Trainee: 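Provided herewith is a single structure, encoded as structure tokens, for subsequent inquiry.
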Amino acid sequence: MQPAPLALSASDAPAGARTPVKAAVQRVNPAGQPGWDEQLAALPNSSFFQSAEWTEVLAGYGFVPQYFTVAGAGGMEALLPMMEVDSWLTGRRGVSLPFTDDSEPFYADAGAFKKVSDAVLEFGRSRKWKYVEFRGGRKWFGDVPASVSFYGHELDLMAGEARLFERVDGSVRRGIRKAEKAGVTVEVSESLEAMRVFYDLLCQTRKKHGMPPQPLGFFENIHRQVLSKNFGNIFIARFEGRPIAAAVYFRLGKRAIYKYGASDETVQQLRGNNLVMWEAIKWHAAMGCASLHLGRTSLGNEGLRRFKLNWGAAEHPIEYVKYDFRQERFVQDRDESSGWHNQLFNRMPIFASRWVGAALYRHWA
């Protein structure tokens, strides 16, 4: 059976599309490309997740970078970041990108999209991938249905601090003031010690949500490849010296991303999460960031969705597309963030849950 066509006709191309490019598709490793991040920051809607630093984090798991690019006379004409994940447990496949909420590709036009999509399919078959998953860019696939969908939320930071605070829901503003009145403070750090403080809180939060935590080594690698190179920060809320909430943020150019959050639910009434987010919003705005992406949210997680909307963030869909090489067609999936396993990990001791996360996390990229 022949695969479903991926190409768009000129009439199907998004607004602003140009004449199809003629340059060839190349596969590159951003970690070995001088000036990669500078080129990336110049592209519309570029993301930290496409950076050389995040590439290094993912490569630390043994994933192989296969970034498909088309370079034209005026710069990059297409970019589809891809990692080959080869697991004895879950098989070999292409993912754009593992452990990444939203990886929007860049195509200058429909011609660039066709070149890259054809190259991906050809390469995937040659490598005997089970499937390839695109975590963004569904608009380029025409009528192909999303394999799984999420909510995305992004906050415009250009309005100024007073206006940003006005946009925040009243209940959140009261939470911020309550935390400040109680004496909760927030520190900003890039240190390894701060990462370990965050990780202790993360283990508690993941247990509450019925999920094993990522391995500590994963976050130590994030510190080494990202935070130590000034591409991110950890915000920690403390009450009487005790850490009660923390979050990890990344940034590239003028775009920042809220990636990981954690808190101590036994002192939830202190609203440490609210103060961490507010201080992070102010800090990134002061640093010249134009926007703050709040990550993906499962369609069924109305509580988290409401939390993000309450900050005045604009909501948009995040849609993945999955092509199954065994069936030679696009397929639909399900969001596996909730299910029977949540009750299991909720009851499991943290030390056991950490072991499971260390053993299995990379296999479910």
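Bear in mind the structure is a predicted one, so any value in this text is a computation, not a measurement.
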Trainee: Ignoring hydrogens and geometry, is there a side-chain-to-backbone donor-acceptor pair from S189 to I234 under 3.5 Å?
Mentor: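 Flag not set: sc S189 to bb I234 has no pair under 3.5 Å.
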Trainee: Are any non-hydrogen side-chain atoms of W311 and D169 less than 4.5 angstrom apart?
Mentor: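 They are not in side-chain contact.
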Trainee: Please report the closest heavy-atom contact between L58 and F63, naming both atoms and the distance.
Mentor: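 In this case the closest contact between L58 and F63 is O-CD1, 3.4 Å.
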Trainee: Distance alone, cut at 3.5 Å: any donor-acceptor contact between the side chains of E154 and S291?
Mentor: yes
Trainee: Show the numbers, then the answer: is there a side chain to side chain donor-acceptor pair (under 3.5 Å) between Y323 and E328?
Mentor: CA-CA 7 Å; Y323 188 85; E328 290 290 6; 2.8 Å; yes
Trainee: Check whether the ring centres of W54 and F231 lie less than 6.0 Å apart, and answer yes or no.
Mentor: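 Ring centres of F231 and W54 not closer than 6.0 Å.
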Trainee: Flag this pair as yes if the NZ/CZ of K322 is under 6.0 angstrom from the six-membered ring centre of Y131 and inside a 45 degree cone about the axis; otherwise no.
Mentor: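 Checked: cation-pi criterion met.
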Trainee: Counting N and O atoms only, with roles assigned by atom type, does the side chain of N346 sit under 3.5 Å from a partner on the main chain of K207, one being a donor and the other an acceptor?
Mentor: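 Judged by distance alone, yes, a pair lies under 3.5 Å.
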Trainee: Before you tell me yes or no, could you show the steps for L121 and F325 under side-chain contact (heavy atoms from CB on, under 4.5 Å), namely the whole-Å CA-CA distance, both residues' side-chain angles and the distance that decides it to 0.1 Å?
Mentor: CA-CA 8 Å; L121 288 182; F325 287 99; 3.7 Å; yes
Trainee: Looking at NZ of K254 and CG of L292, how far apart are the two atoms once the value is rounded to the nearest 0.5 Å?
Mentor: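 With rounding to 0.5 Å, NZ (K254) is 15.5 Å from CG (L292).
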Trainee: Do C203 and R354 have side chains that approach each other closer than 4.5 Å (heavy atoms only, starting at C-beta)?
Mentor: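 Answer yes - side chains close enough.
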Trainee: Counting N and O atoms only, with roles assigned by atom type, does the side chain of N233 sit under 3.5 Å from a partner on the main chain of E190, one being a donor and the other an acceptor?
Mentor: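 No, because the side chain of N233 does not come within donor-acceptor range (under 3.5 Å) of the backbone of E190.
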Trainee: Would a 4.5 Å heavy-atom cut-off, applied to side chains only, mark E180 and T185 as touching?
Mentor: no
Trainee: Side chains of W364 and T90, heavy atoms from C-beta outward: is any pair under 4.5 Å?
Mentor: yes
Trainee: Between OG of S47 and CZ of F106, what distance do you get to the nearest 0.5 Å?
Mentor: 14.5 Å
Trainee: Determine, stepwise, if the pair D102 / R296 fulfils side-chain contact (heavy atoms from CB on, under 4.5 Å).
Mentor: CA-CA 7 Å; D102 190 3; R296 78 179 193 189; over 6 Å; no
Trainee: Is any side-chain heavy atom of Q214 closer than 4.5 Å to a side-chain heavy atom of R206?
Mentor: yes
Trainee: Mind checking whether D156 and R167 have side chains closer than 4.5 Å, heavy atoms only?
Mentor: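 Heavy-atom side-chain distance check passes, below 4.5 Å.
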Trainee: Give, for atom SG of C289 and atom CZ of R255, the distance between the pair rounded to the nearest 0.5 Å.
Mentor: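 C289 SG to R255 CZ: 10.5 Å, rounded to 0.5 Å.
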Trainee: I'd like to know if the side chain of S51 and the backbone of F48 have a donor-acceptor N/O pair within less than 3.5 Å.
Mentor: yes
Trainee: Mind checking whether M348 and W355 have side chains closer than 4.5 Å, heavy atoms only?
Mentor: no
Trainee: Would you kindly confirm whether F307 and M211 end up in one hydrophobic cluster when ILVMFWY residues are joined by side chain heavy atoms under 4.5 Å apart?
Mentor: no
Trainee: Taking atom types as modelled, find out whether Y151 and S298 have a side-chain donor-acceptor pair closer than 3.5 angstrom.
Mentor: no
Trainee: When you look at F150 and Y320, which way does the ring pair (Phe, Tyr, Trp, His ring centres under 6.0 Å) test go after all the steps?
Mentor: CA-CA 9 Å; F150 303 90; Y320 295 177; 5.2 Å; yes
Trainee: Ring pair (Phe, Tyr, Trp, His ring centres under 6.0 Å), that's the test. Do F218 and F99 meet it? Break it down for me.
Mentor: CA-CA 11 Å; F218 178 70; F99 309 136; 5.6 Å; yes
Trainee: Using a strict 4.0 Å threshold on nitrogen-to-oxygen distance, state whether E187 and R238 make a salt bridge.
Mentor: yes
Trainee: Would W129 and E84 count as a side chain to side chain donor-acceptor pair (under 3.5 Å) here? Give the steps.
Mentor: CA-CA 9 Å; W129 287 352; E84 181 176 89; 2.8 Å; yes
Trainee: Assess the residue pair K282 and E279 against the criterion (salt bridge (Lys or Arg N to Asp or Glu O under 4.0 Å)); give the C-alpha distance rounded to whole Å, side-chain angles, the decisive distance to 0.1 Å, and a yes or no.
Mentor: CA-CA 5 Å; K282 293 193 298 180; E279 292 298 326; 3.2 Å; yes
Trainee: Would the number of heavy atoms belonging to other residues, nucleotides or ligands and lying under 6.0 Å from CD of E122 be above 12?
Mentor: no
Trainee: Say whether Q204 and K208, considering side chains only, have a donor N or O and an acceptor N or O under 3.5 Å apart.
Mentor: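 There is no such pair between these side chains.
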Trainee: Let's go through E315 and R305 carefully: what are the C-alpha distance in whole Å and the side-chain angles of both, what is the deciding distance for salt bridge (Lys or Arg N to Asp or Glu O under 4.0 Å) to 0.1 Å, and is it a yes or a no?
Mentor: CA-CA 9 Å; E315 186 173 84; R305 180 192 182 201; 2.7 Å; yes
Trainee: Would you call the rings of Y361 and Y61 parallel, tilted or perpendicular if under 30° counts as parallel and over 60° as perpendicular?
Mentor: tilted
Trainee: Between D86 and R127, does the salt bridge (Lys or Arg N to Asp or Glu O under 4.0 Å) criterion hold? Intermediate values first, please.
Mentor: CA-CA 10 Å; D86 195 359; R127 294 293 299 160; 5.2 Å; no
Trainee: Centres of the Y249 and Y260 rings: under 6.0 Å?
Mentor: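 Judged by ring-centre distance (under 6.0 Å), Y249 and Y260 do not meet the cut-off.
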Trainee: Examine distances only and state if a side-chain atom of W283 and a backbone atom of V188 form a donor-acceptor pair shorter than 3.5 Å.
Mentor: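 Not confirmed, W283 side chain does not pair with V188 backbone.
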Trainee: So, for F141 and F113, is the gap between ring centers shorter than 6.0 Å?
Mentor: yes
Trainee: Tell me whether the count of non-hydrogen atoms from other residues, nucleotides or ligands lying under 6.0 Å of CD in Q268 goes above 12.
Mentor: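 No.
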Trainee: Would M76 and L43 count as a side-chain contact (heavy atoms from CB on, under 4.5 Å) here? Give the steps.
Mentor: CA-CA 8 Å; M76 199 175 293; L43 297 179; 3.9 Å; yes
Trainee: Please round to the nearest 0.5 Å and tell me the distance separating atom CD of E77 and atom OH of Y107.
Mentor: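 The OH atom of Y107 is 13.5 Å from CD of E77, to the nearest 0.5 Å.
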Trainee: Is there a donor-acceptor contact under 3.5 Å from the side chain of R173 to the main chain of V168?
Mentor: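 It does hold such a pair.
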Trainee: Check for a donor-acceptor pair, side chain of R135 on one end and backbone N or O of E104 on the other, with a separation under 3.5 Å.
Mentor: no
Trainee: Drop me the distance from L97's CG to E133's CD, to the nearest 0.5 angstrom.
Mentor: 10.5 Å
Trainee: Is there a donor-acceptor pair under 3.5 Å between the side chain of T69 and the backbone N or O of A78?
Mentor: no
Trainee: With no hydrogens and no angle check, is any side-chain donor or acceptor of K128 less than 3.5 Å from a backbone partner on R93?
Mentor: no
Trainee: Answer with yes or no whether the hydrophobic clustering places F235 together with F250; edges join I, L, V, M, F, W, Y residues whose side-chain heavy atoms lie under 4.5 Å apart.
Mentor: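 Each belongs to a different hydrophobic cluster.
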Trainee: Any idea which heavy atoms bring A365 and V95 closest together, and the distance?
Mentor: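 Scanning both residues completely, I find the closest heavy atoms to be O-CG2, 4.3 Å.
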Trainee: Please check if M277 and L309 belong to a single hydrophobic cluster, counting links between Ile, Leu, Val, Met, Phe, Trp and Tyr side chain heavy atoms closer than 4.5 Å.
Mentor: no
Trainee: Is any side-chain heavy atom of F219 less than 4.5 Å from a side-chain heavy atom of L202?
Mentor: yes
Trainee: With salt bridge (Lys or Arg N to Asp or Glu O under 4.0 Å) as the test, would you mind laying out the steps for K114 and D118 before giving the verdict?
Mentor: CA-CA 6 Å; K114 183 182 187 320; D118 286 350; 2.6 Å; yes
Trainee: Run N230 and R251 through side chain to side chain donor-acceptor pair (under 3.5 Å) and show every step you take.
Mentor: CA-CA 9 Å; N230 200 34; R251 65 184 181 278; 2.9 Å; yes
Trainee: Tell me whether M195 shares a hydrophobic cluster with V276, the cluster being built from Ile, Leu, Val, Met, Phe, Trp, Tyr side chains joined at under 4.5 Å.
Mentor: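 No; tracing contacts between hydrophobic side chains, which count when under 4.5 Å, never links both residues.
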Trainee: Taking a hydrophobic cluster as the set of Ile, Leu, Val, Met, Phe, Trp and Tyr residues connected by side-chain heavy atoms closer than 4.5 Å, whether directly or through intermediates, do F165 and M287 fall within one such cluster?
Mentor: yes
Trainee: Just verifying a value: how many Å separate S46 OG and D37 CG, rounded to the nearest 0.5 Å?
Mentor: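 So the OG of S46 and the CG of D37 are separated by 9.5 Å.
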Trainee: Within the distance-only criterion (no hydrogens, no angle test), does the side chain of S87 pair as donor or acceptor with the backbone N or O of L89 below 3.5 angstrom?
Mentor: yes
